[in-house]
Amino acid sequence: MYNYKNNFLLEGKTKKLYKTDNINEIIIHYKDIITSFDGDKTQSLNQKGIINNQISAIIFHLLNSCGIKTHFIRIINNREQLCHKLDLFTLEFVIRNIVFGSMSKRLGIKEGIYIQNPIFEIFYKNDILKDPFINHHHAVFLKIISYEELNIINKISLEINKIIKKFFFDKNIILVDLKLEFGKNHKKEIVLADEISPDTCRIWDKTTKQKLDKDCFRKGYSNEKIINTYMKVLNKIDK
Ligand code: TMP
Ligand code: ASP
């Protein structure tokens, strides 16, 4: 394992970051913590960090190979990956292919309705405010981002959604929605950050419609059932 003594940078709910000898690169360590409802529900799920590190690495590798700029460089060991260091926008971008979760509640629409033109949403990343849903104007007013950057991110997000939707579909998985985060690198380019895993998207088995994501945790399934579900995703895509 990477010797990170004295190199600790910061710790979030589900990850830890470490410095490297290169100021433009960091090491991201995947913890076993799983949270939902903006951290209200938190617990440790044995092996989750190992599985998500691998799932996210597979997806980011795919995106890199499709020409999408991402922070991912390479996996280092079972819990850690080397990534480009970014200055993150304090925003979360959600792309929806099927109505579910907060969109269904907010608009009073039944869950499960197919969306022909994927919907792009913005959330303000702020634990105290519980990550509120905002629009472009709020994000610019808050001085987090410019209209031009939002347009670029909107375009890249839809492209990423298309790539991952097809990738999963070929593995008999439906991509319902996904959450993306972006930042800027030292050259001020917009780059995809964070992770893409069952923690950050909704995915269903195409045949059985079984939920293969963090909704299992939100619904209170047993730890064993959740970890088996995440493992199932890894096995399906790691081929
Ligand atoms: P939502 O329906 O709760 O808004 O979630 C939409 C998608 O975004 C779903 O796949 C879960 C993901 N998500 C996160 O990864 N982190 C978050 O903080 C939120 C609110 C959603
Ligand atoms: N708010 C998010 C969820 O409900 C995640 C989190 O709390 O970290 O999944």
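By convention here, the first residue in the shown sequence is residue 1. For ligands, and for the atoms within them, numbers begin at 1 and follow the listed sequence. Keep in mind the model is a prediction, meaning the values are calculated, not measured.
Within 6.0 Å of CZ on Phe169 lie no more than 12 heavy atoms contributed by other residues, nucleotides or ligands. Within 6.0 Å of NZ in Lys209 there are more than 12 heavy atoms belonging to other residues, nucleotides or ligands.
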message: Run Asn135 and His138 through side chain to side chain donor-acceptor pair (under 3.5 Å) and show every step you take.
response: CA-CA 5 Å; Asn135 68 27; His138 296 127; 3.2 Å; yes
- request: Apply salt bridge (charged side-chain N to carboxylate O under 4.0 Å, His left out) to Glu111 and Arg202, showing your working.
  value: CA-CA 12 Å; Glu111 289 188 322; Arg202 285 197 177 92; over 6 Å; no
task: Please assess Arg96 against Ser104 for the test side chain to side chain donor-acceptor pair (under 3.5 Å), listing each intermediate value before the final yes or no.
output: CA-CA 11 Å; Arg96 300 184 188 269; Ser104 151; over 6 Å; no
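In this structure, Asp87 contributes its side chain and Lys184 its backbone to no donor-acceptor pair below 3.5 Å. Formation of a donor-acceptor pair under 3.5 Å by the Lys48 side chain with backbone atoms of Ile227 is not found in this model.
Taking a cut-off of under 4.0 Å to the non-hydrogen atoms of Cys201, the atoms of ligand 1 that pass are 10 (O). Within the listing of ligand 1, atoms 16 (N), 17 (C), 18 (O), 19 (C) sit less than 4.0 angstrom from a heavy atom of Glu92. Contact atoms of ligand 1 toward Arg96: 1 (P), 2 (O), 4 (O), 6 (C) (distance under 4.0 Å to a heavy atom of the residue). For ligand 1, the atoms lying closer than 4.0 Å to a non-hydrogen atom of Asp131 are 18 (O). Ligand-side atoms of ligand 1 in range of Phe100: 2 (O), range being under 4.0 angstrom from any heavy atom. Close approach to Val94 involves these atoms of ligand 1, each under 4.0 Å from a residue heavy atom: 6 (C), 8 (O).
Taking 4.0 Å as the cut-off between side-chain N and carboxylate O, Lys171 and Asp238 do not count as a salt-bridged pair.
Using 4.0 Å as the threshold, Asp199 has a heavy atom nearer than that to some atom of ligand 1. Residue contact check for ligand 1: Glu181 places no non-hydrogen atom closer than 4.0 Å to it. Taking a 4.0 Å cut-off on heavy atoms, Lys214 fails to register as neighbouring ligand 1.
With a heavy-atom cut-off of 4.0 Å, Glu121 does not touch ligand 1 at all. Residue contacts with ligand 1, taken as heavy atom pairs separated by less than 4.0 Å, involve Arg218 solely via side-chain atoms from C-beta onward.
Distances from atom 1 (P) of ligand 1 to the heavy atoms of Ser102, Gly101, Ser36 show the closest one on Ser102. Among Asp177, Ile196, Asp127, the residue whose heavy atom lies closest to atom 9 (C) of ligand 1 is Asp177. The residue among Lys179, Glu111, Arg202, Lys130 with a heavy atom at the shortest distance from atom 12 (C) of ligand 1 is Lys179.
Classification of the Phe60-Phe72 ring pair by plane angle, with boundaries at 30° and 60°, yields tilted.
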